[in-house]
Asker: 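Can you keep this structure in mind? I'll have questions shortly.
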Amino acid sequence: MTIYSYARCMVLATTAGLLLTSTSYADNTQYPERPIQMVVPFSAGGQFDLIARLVASSMSKSLGKEIIIENLGGAGGNIGGAKVAKAKPDGYTLLEYGGNFAVAKYLTKGLRYDPISDFEPIAALSMASHVVLINKDLPVSNFKELVAYSKKNPGKLNYASPGVGTSMHLTFEEIKSHFGIRATHIPYRGGSNALNDLAGGQVQMTIVAVAPAMPFIESGQIRALAVTGSERARSLPEVPTIAEMGYQGFSSGSWAGLVAPKGTPDAVITRLHQAAQDALKDPNVKNRLESLSFTTLAGSREDFKKLIKTEEERYGPLIQRLELQQ
């Protein structure tokens, strides 16, 4: 190769590299250039769906492109999770992510994706406290009396949850263990079914998110004994927290966040993170969520990563101890 040829090749190579870098930079800084899909891994109408639609609507305004919701339920969220994990990491396919993914590998054998490492955390969105509920005819008036009643009547109490391995199920198992409550778990397919049977007397206790329980509480069909958040629920100010009942530092709830496939460019993730923060500060979003007893979780990406890790470390061993993997 002549000196001229070598120099010409070097120029061409440098020019190509600059063009590639320029194109990549332009792609990231011009993002988004088309609508974005947000997969909600549960059916329409539930609290996960509500959060996604509120946040997506506000983020769409900030990003200048529509965020389209796709409800893709099934397998405890894993059908939707697997789809997003395998999607092109370009920022145009996102997943609404919850605590179910942080413990999915402990609950389900043979997953075809990693529900933690296959995603890039964008932002935590919200947290909803759970509430411990009883049928109105159960002869106790507060949480401490419930604990005492369960110990005096072993084998007599049962409690419903929205399903095996849900945050409500795992939370109540923690509470049972700490206070020595004796109650048999009856899993349901969703919180609404558990609430209906509690009101009808088919089960004696349940634990669900605060918002869907409010109509039943307000009608007097069921009674609220304790909430699981670090503070009392805004809609149930007279109901104490589990921490107030003697479980020092206890706090638990259902949370939601937003993730993208692993490998999504940092510039895109940063853009999405900022749009999510803007949405959580949007008065329409914030007020609506708070009216339903959700707490917004504005914060850094590192905060979100810590939340996921904490959830895994907290409930992974509990799932193994209870032998819940299927």
Asker: So, Asn71 side chain and Phe42 main chain: donor-acceptor pair closer than 3.5 Å or not?
Answerer: yes

Asker: Using the rule side-chain hydrogen bond (donor to acceptor under 3.5 Å, both in side chains), only one of Thr166, Asp197, Thr206, Asn196 pairs with Tyr188; which is it?
Answerer: Asp197

Asker: What is the distance from atom OG of Ser293 to atom CG of Leu236, rounded to the nearest 0.5 Å?
Answerer: 6.5 Å

Asker: Centre of Phe119's six-membered ring, under 6.0 Å away, within 45 degrees of the axis: is that where NZ or CZ of Arg301 sits?
Answerer: no

Asker: Please report the C-alpha distance between Leu72 and Val84 in whole Å, then the side-chain angles of each, then the deciding distance to 0.1 Å, and finally whether the side-chain contact (heavy atoms from CB on, under 4.5 Å) criterion is met.
Answerer: CA-CA 11 Å; Leu72 190 59; Val84 177; over 6 Å; no

Asker: Between the main-chain N or O of Glu145 and the side-chain N or O of Asn142, is there a donor-acceptor pair closer than 3.5 Å?
Answerer: yes

Asker: Taking all atoms of both residues into account, what is the closest heavy-atom pair of Ala56 and Ile69, and its distance?
Answerer: CB-CD1, 3.9 Å

Asker: Strictly distance-based, threshold 3.5 Å: is any side-chain N or O of Arg182 a donor or acceptor partner for the main-chain N or O of Ser150?
Answerer: no

Asker: Answer yes when Arg314 and Glu311 have at least one side-chain N-carboxylate O distance shorter than 4.0 Å, and no when they do not.
Answerer: no

Asker: Do Val39 and Ile308 sit in the same hydrophobic cluster, where Ile, Leu, Val, Met, Phe, Trp and Tyr count as joined when their side-chain heavy atoms come under 4.5 Å apart?
Answerer: yes

Asker: Please evaluate residues Glu302 and Lys305 with respect to the criterion salt bridge (Lys or Arg N to Asp or Glu O under 4.0 Å), reporting the C-alpha separation (whole Å), side-chain torsions for both, the decisive distance (0.1 Å), and the verdict.
Answerer: CA-CA 5 Å; Glu302 285 303 314; Lys305 290 177 183 178; 3.4 Å; yes

Asker: Side chains of Val285 and Thr296: closer than 4.5 Å at any heavy-atom pair?
Answerer: no

Asker: Show your reasoning for whether salt bridge (Lys or Arg N to Asp or Glu O under 4.0 Å) applies to Glu173 and Lys176.
Answerer: CA-CA 5 Å; Glu173 286 297 329; Lys176 276 179 58 182; 3.5 Å; yes

Asker: Taking the side chain as every heavy atom from C-beta outward, state whether Phe143 and Ile242 have any pair of such atoms under 4.5 Å apart.
Answerer: yes

Asker: When you measure from the side chain of Tyr97 to the backbone N and O of Pro115, does any donor-acceptor pair fall under 3.5 Å?
Answerer: yes

Asker: For Ile36, is there any backbone N or O sitting under 3.5 Å from a side-chain donor or acceptor partner on Glu66?
Answerer: no

Asker: Between Ser251 (side chain only) and Ser230 (backbone N and O only), is there a donor and an acceptor less than 3.5 Å apart?
Answerer: yes

Asker: Measure the spacing between CH2 of Trp255 and CG of Leu297 and express it to the nearest 0.5 Å.
Answerer: 9.5 Å

Asker: Within the 4.5 Å heavy-atom criterion, are Leu272 and Leu258 side-chain neighbours or not?
Answerer: no

Asker: Measuring from atom CZ of Arg234 to atom OG1 of Thr295, what distance do you get when rounded to the nearest 0.5 angstrom?
Answerer: 10.0 Å

Asker: Within a strict 4.5 Å, meaning less than it, do heavy atoms of the Ile122 and Thr264 side chains meet?
Answerer: no

Asker: Please state whether the rings of Tyr159 and His169 are parallel, tilted or perpendicular, taking 30° and 60° as the class boundaries.
Answerer: tilted

Asker: Flag yes if more than 12 heavy atoms outside Glu238 fall under 6.0 Å of its CD atom; otherwise flag no.
Answerer: yes

Asker: Do the side chains of Pro41 and Phe48 get nearer than 4.5 Å, heavy atoms only?
Answerer: yes

Asker: Roughly how far apart are Glu96 CD and Ser126 OG, rounded to 0.5 Å?
Answerer: 7.5 Å

Asker: Do Thr228 and Ser252 get their side chains close enough for a donor-acceptor pair, meaning under 3.5 Å?
Answerer: no

Asker: Evaluate the side-chain proximity of Phe179 to Leu146: yes if any heavy-atom separation is below 4.5 Å, no if none is.
Answerer: no

Asker: Please answer whether the main-chain N or O of Leu198 pairs with a side-chain N or O of Asn135 as donor and acceptor at a distance below 3.5 Å.
Answerer: yes

Asker: Give a yes or no on whether the backbone of Gly76 and the side-chain of Asn100 come within a donor-acceptor separation of less than 3.5 Å.
Answerer: yes

Asker: For the NZ atom of Lys65 and the CZ atom of Arg34, what is their distance to the nearest 0.5 Å?
Answerer: 10.5 Å

Asker: Hey, are the side chains of Val268 and Tyr92 touching, using non-hydrogen atoms and a 4.5 Å cut-off?
Answerer: no

Asker: Quick one: are Phe101 and Leu95 in side-chain contact, heavy atoms under 4.5 Å?
Answerer: yes

Asker: Within the 3.5 Å criterion, strictly below it, is a donor on Asp90 or Tyr31 matched to an acceptor on the partner's side chain?
Answerer: no

Asker: Please confirm whether the backbone N or O of Thr241 pairs with a side-chain atom of Tyr247, one donor and one acceptor, at under 3.5 Å?
Answerer: no

Asker: Restricting to non-hydrogen atoms, name the atom on Ser167 and the atom on Ser254 that form the minimum distance, rounded to 0.1 Å.
Answerer: OG-OG, 2.9 Å

Asker: Taking the side chain from Asp282 and the backbone from Ala279, do they hold a donor-acceptor pair closer than 3.5 Å?
Answerer: no

Asker: Distance check, rounded to the nearest 0.5 Å: Phe172 atom CZ versus Ile207 atom CD1?
Answerer: 6.5 Å

